Amino acid sequence: MNLILLGPPGSGKGTQGAILSQRTGLLRVATGDLLRDAVKRGSELGLKAKGFMDRGELVPDEIILGLLEDVLSRPEAQGGVVMDGFPRTVAQAEKVDQLLEARGERVDRVLLFNVPEDELLRRIMGRAKEEDRSDDTPEAFRRRVAVYREQTAPLVDYYRGRGILTEIDAVGTVEEIAERIEEALGL
Ligand code: ADP
């Protein structure tokens with residue numbers, strides 16, 4: 001089963017992705033984590049990505065498409081993954097379709113995390129203190145929300161049109177939201 005977690009920054013995809021991965025045994029793939037790790041290691045990918053991430057911009061597709069190919073071709077990704085933080089553009093969504101199709105799989109379900117914007121801002125400012133993420137400043141966060149609306153939100157229609165989109169009310173306790181997700185997936 002291949003699942004996509006879709007939603008604005010701070011909507012809880014990472015937390016729920018980790019829980020979902022534990023409960024299903026599916027590998028969680030998070031492009032944000034992979035990129036932050038690359039930045040920390042100072043790899044070529046990290047050097048290219050850092051400026052975009054700090055400004056709250058998307059890392060360009062020409063860099064991300066290759067990363068998706070690498071990560072989805074790994075043996076442990078065969079048979080199903082939980083995708084957290086990607087696809088973020090239509091080009092990335094098409095790439096995911098193509099990579100899965102090549103091995104006889106497909107995107108089975110997309111969970112859209114719904115959270116009002118004032119709640120997002122509250123959460124992200126709390127996280128900035130805890131995690132020391134260089135892109136959790138108010139300016140970068142605002143930019144990330146705007147970028148989500150412009151470049152990622154069109155994916156809602158892309159997947160809704162296929163009948164595989166499920167909206168999740170992502171306000172509540174971590175456990176409540178995890179239960180809503182399990183229910184939505186019939187787990
Ligand atoms: P959040 O969901 O809170 O925005 P992520 O960890 O998913 O955080 O992403 C952090 C940053 O990493 C993004 O703002 C962007 O710069 C970069 N990034 C992560 N995934 C992608 C992707 N699929 N395409 C382009 N940029 C990405």
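Start at 1 and go down the list; that is how both ligands and their atoms are numbered. Predicted model only: the values in this text are computed from it and were never measured. Note that these values count all heavy atoms, side chains included, but never hydrogens, waters or copies made by symmetry.
Taking a cut-off of under 4.0 Å to the non-hydrogen atoms of Gly85, the atoms of ligand 1 that pass are 20 (N), 21 (C), 22 (C), 23 (N). With ligand atoms numbered from 1 in the order given, ligand 1 contributes 15 (C), 16 (O) to contacts under 4.0 Å with heavy atoms of Glu57. Taking every non-hydrogen atom of Gln92 and a distance limit under 4.0 Å, the qualifying atoms of ligand 1 come out as 22 (C), 23 (N), 24 (N), 25 (C). Contact atoms of ligand 1 toward Phe86: 23 (N) (distance under 4.0 Å to a heavy atom of the residue). Each of the atoms 6 (O), 10 (C) of ligand 1 lies under 4.0 Å from some heavy atom of Arg36.
Residue contacts with ligand 1 for Met53 involve both N, CA, C or O and side-chain atoms from C-beta outward (heavy atoms, distance under 4.0 Å). Contacts between Val59 and ligand 1, counted as non-hydrogen atom pairs separated by less than 4.0 Å, involve both the backbone and the side chain. When non-hydrogen atoms are compared, ligand 1 lies under 4.0 Å from the side chain of Lys13 (C-beta onward) but not from its backbone.
Taken from CE in Met83 to CZ in Arg88, the straight-line distance is 14.0 Å, to the nearest 0.5 Å.
The protein heavy atom nearest to atom 17 (C) of ligand 1 is Leu35 CD1, 3.7 Å. Remark: minimum distance from atom 20 (N) of ligand 1 to any protein heavy atom is reached at Thr31 OG1, 2.8 Å. Given atom 8 (O) of ligand 1, the protein heavy atom at minimum distance is Arg133 NH2, 3.3 Å.
By the 6.0 Å and 45° rule, Arg55 stacks over the aromatic ring of Phe52.
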Salt bridge (charged side-chain N to carboxylate O under 4.0 Å, His left out) assessment of Lys40 paired with Asp37: CA-CA 5 Å; Lys40 220 183 281 166; Asp37 190 53; 5.3 Å; no
Would you please test Asp97 and Arg106 for salt bridge (charged side-chain N to carboxylate O under 4.0 Å, His left out) and show each step? CA-CA 6 Å; Asp97 284 338; Arg106 63 195 160 88; over 6 Å; no
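Ion pairing between Arg180 and Glu175 fails under the 4.0 Å rule for side-chain N and carboxylate O. Ion pair Glu44/Lys48 flagged as a salt bridge, since at least one NZ, NE, NH1 or NH2 atom sits closer than 4.0 Å to an Asp/Glu carboxylate oxygen. By the 4.0 Å N-to-carboxylate-O rule, Arg160 lies close enough to Glu167 to be salt-bridged with it.
Counting heavy atoms from C-beta outward, Tyr159 and Ile4 have side chains that approach closer than 4.5 Å.
Using a distance-only test at 3.5 Å, with no hydrogens or angles considered, a donor-acceptor pair links the side chain of Lys13 to the main chain of Pro8.
The nearest non-hydrogen atom to atom 5 (P) of ligand 1, considering only Arg143, Arg88, Arg55, comes from Arg88. Of the listed options Arg144, Lys50, Met83, Arg144 places a heavy atom closest to atom 1 (P) of ligand 1.
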